[in-house]
Amino acid sequence: KYNLVVAGAGSGKTEVLMKRIAYLIERKPDKVQKEKILALAFQKKASEEITSRLEKNYGLKNGTISTFHSLGVQILKQAGHKTNLLFSGENYESEQKKLIGGIFQKSIGDKDFQNNLLEFLSFSSGEWNATPEFELKQTEFEFRENLSYRTLDNTIVKSVAEKEIYNFFFTHKLNGKPINIKYEEPASWMVLKRSDGSDVKPDFFFPDFNLYLEHWAVNGKGKVPDWFRVSSQDYRKSMADKKSEFSNQKEYLFIETSNADYLAGDFASIIKTRFTKFLKSKYKDKNFILERMDYDEILGKISVEPKDINKQLPLMIFNYITIAKSHGRKPEYILNELNERELNSVQRTFTKLAVTIYK
């Protein structure tokens, strides 16, 4: 009376089920009316194929072969409900991806969505270029030393904090004009030299203002990360030597940030405050407006192709939503979870994008 057919792909499960349908309809003396037989398939294409093979091989027409979707619609209609089946079931994934892509394009017009998208692109651009085999052969310092963090215009910097600093100025305008920033520009004017005799390279240089920005790799206690090859004491000495170089001349000025600032959160606000404070102190008779560029203008400058964004991100979001639904996680649950889970910047900004589409 009950049969469960379990077999691999292409081994004939569908043929077994079709023959059972044909057998039940032709069985004597207690044949089954074909209207009382319901056969369900996941996809419309499969249901049409079964219907065709039943007619061709067994002469059976008008059998009740349907998809789960169409059966649900039929039941709802019989119950007097108006139905609007969003996906036909024939190519569910393709149609859902198309829907998500459409919502994604519409969402780009929203300022909050644009902000999250730009943050995601800023944080997610190529984190490192080391292969797993290479990583395994290195000490922790050598591995981290070889990490290369890529900015929005594909400039390679040495830390995630430096990447955020660079991307901040890359995406902002000062009084309506792009900000000229150079990374590790040799400071030939310094008496201080590196161990190999070459010029010292402060982290960031703003030639329009003769201004340097140094980002120190120290926490609130003045300590460097444990994996650093140089000790905290030696690192602080090199900091003091650089600061001495700046204090012994008047042509160049500098501002500073640290890993403690980065770890404190809202690093962009700290960068903006210190930069604008410097401008106001040096140019007391001028007004400065520091504002982010429009989304389209930034998109035209970055190394990521817009077509990649429009194609890959909706696909990633589709996969995210599929997994979320399979685990019963609704948008509200995920948003609440954002405040409780430890997520990195890439995960956090992507989640915000995906939940917007999910809702």
Side-chain angles (χ1 to χ4, degrees), residues 1-79 81 83-105 131-133 305 307-331 334 347 350-351 353-354 357-358:
K1 189 174 181 179
Y2 302 106
N3 292 266
L4 173 65
V5 182
V6 182
S11 57
K13 296 187 297 296
T14 302
E15 184 66 25
V16 169
L17 295 174
M18 286 193 302
K19 284 186 176 179
R20 179 160 178 79
I21 292 171
Y23 166 72
L24 290 172
I25 293 173
E26 298 295 330
R27 185 175 63 182
K28 296 178 181 178
D30 55 346
K31 66 173 61 177
V32 177
Q33 294 178 358
K34 61 184 177 182
E35 292 79 10
K36 291 186 176 182
I37 295 177
L38 171 65
L40 292 172
F42 279 103
Q43 294 183 331
K44 186 177 179 181
K45 183 178 179 181
S47 69
E48 290 174 344
E49 181 184 352
I50 294 172
T51 299
S52 174
R53 286 164 68 176
L54 280 172
E55 181 178 351
K56 179 181 178 181
N57 298 336
Y58 305 104
L60 299 175
K61 297 182 180 181
N62 303 320
T64 308
I65 312 295
S66 72
T67 63
F68 285 89
H69 290 85
S70 59
L71 174 66
V73 171
Q74 182 182 342
I75 293 171
L76 289 170
K77 284 182 177 178
Q78 289 176 354
H81 293 282
T83 60
N84 180 20
L85 188 62
L86 190 58
F87 306 120
S88 68
E90 182 175 0
N91 198 341
Y92 171 80
E93 284 195 3
S94 175
E95 292 178 15
Q96 188 173 1
K97 288 173 185 174
K98 184 178 179 181
L99 173 73
I100 288 175
I103 298 173
F104 183 86
Q105 290 303 317
T131 63
E133 293 77 17
E305 289 287 339
K307 63 180 181 181
D308 294 334
I309 297 172
N310 295 333
K311 181 179 179 181
Q312 295 300 326
L313 262 179
L315 179 61
M316 292 164 63
I317 291 171
F318 163 77
N319 292 331
Y320 180 92
I321 292 173
T322 300
I323 294 170
K325 289 173 70 176
S326 69
H327 286 83
R329 283 172 165 79
K330 295 184 178 181
I334 297 170
Q347 294 168 330
F350 174 78
T351 300
L353 292 173
I357 304 297
Y358 190 9

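Sequence positions, counted from 1, serve as the residue numbers for this chain.
- Residues K36 and Q33 form a side-chain contact, since some pair of their non-hydrogen atoms from C-beta on lies under 4.5 Å apart.
- Within 6.0 Å of OH on Y23 lie no more than 12 heavy atoms contributed by other residues, nucleotides or ligands.
- Closest heavy-atom contact between K325 and Q96: NZ-NE2, 4.4 Å.
- The two atoms that bring I21 and A39 nearest to each other are CD1-CB, 4.0 Å, heavy atoms only.
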query = Going through the checks in order, is the side chain to side chain contact (heavy atoms under 4.5 Å, CB included) test met by N3 and R20?
reply = CA-CA 10 Å; N3 292 266; R20 179 160 178 79; 3.3 Å; yes
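- Distance alone, capped at 3.5 Å, is enough to place a donor-acceptor pair between the T51 side chain and the S47 backbone.
- Taking both residues in full, the closest heavy atoms of R53 and T14 are given as NH1-CG2, 4.2 Å, listed atom of the first, atom of the second, then distance.
- The minimum heavy-atom distance linking R329 with Y358 is given by the pair O-OH, 2.9 Å.
- For L315 against K97, the heavy-atom pair with the smallest separation is CD1-CE, 3.7 Å.
- The CD1 atom of I65 sits 10.5 Å away from atom OG of S70, with the distance rounded to the nearest 0.5 Å.
- Note that CD1 of I25 and CD of E35 are 8.5 Å apart. Values are rounded to the nearest 0.5 Å.
- For the atom pair CD of E15 and CD1 of I50, the computed distance is 10.5 Å after rounding to the nearest 0.5 Å.
- Annotation: K13, atom NZ; neighbour count of heavy atoms from other residues, nucleotides and ligands within 6.0 Å is above 12.
- Using the six-membered ring where Trp is involved, F350 and Y320 have ring planes that are perpendicular, over 60° apart on the 30 and 60° scheme.
- Judged purely by atom type and a 3.5 angstrom limit, S52 has no side-chain atom pairing as donor or acceptor with the backbone of E49.
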key: Trace of the side chain to side chain contact (heavy atoms under 4.5 Å, CB included) decision for L38 with L71   = CA-CA 10 Å; L38 171 65; L71 174 66; 3.9 Å; yes
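- Across all non-hydrogen atoms, the minimal contact from I100 to P314 is CG2-O, 3.7 Å.
- Counting heavy atoms from C-beta on, the side chains of T67 and F42 never come closer than 4.5 Å.
- Taking CG from L99 and CZ from F104, the interatomic distance works out to 13.5 Å, rounded to the nearest 0.5 Å.
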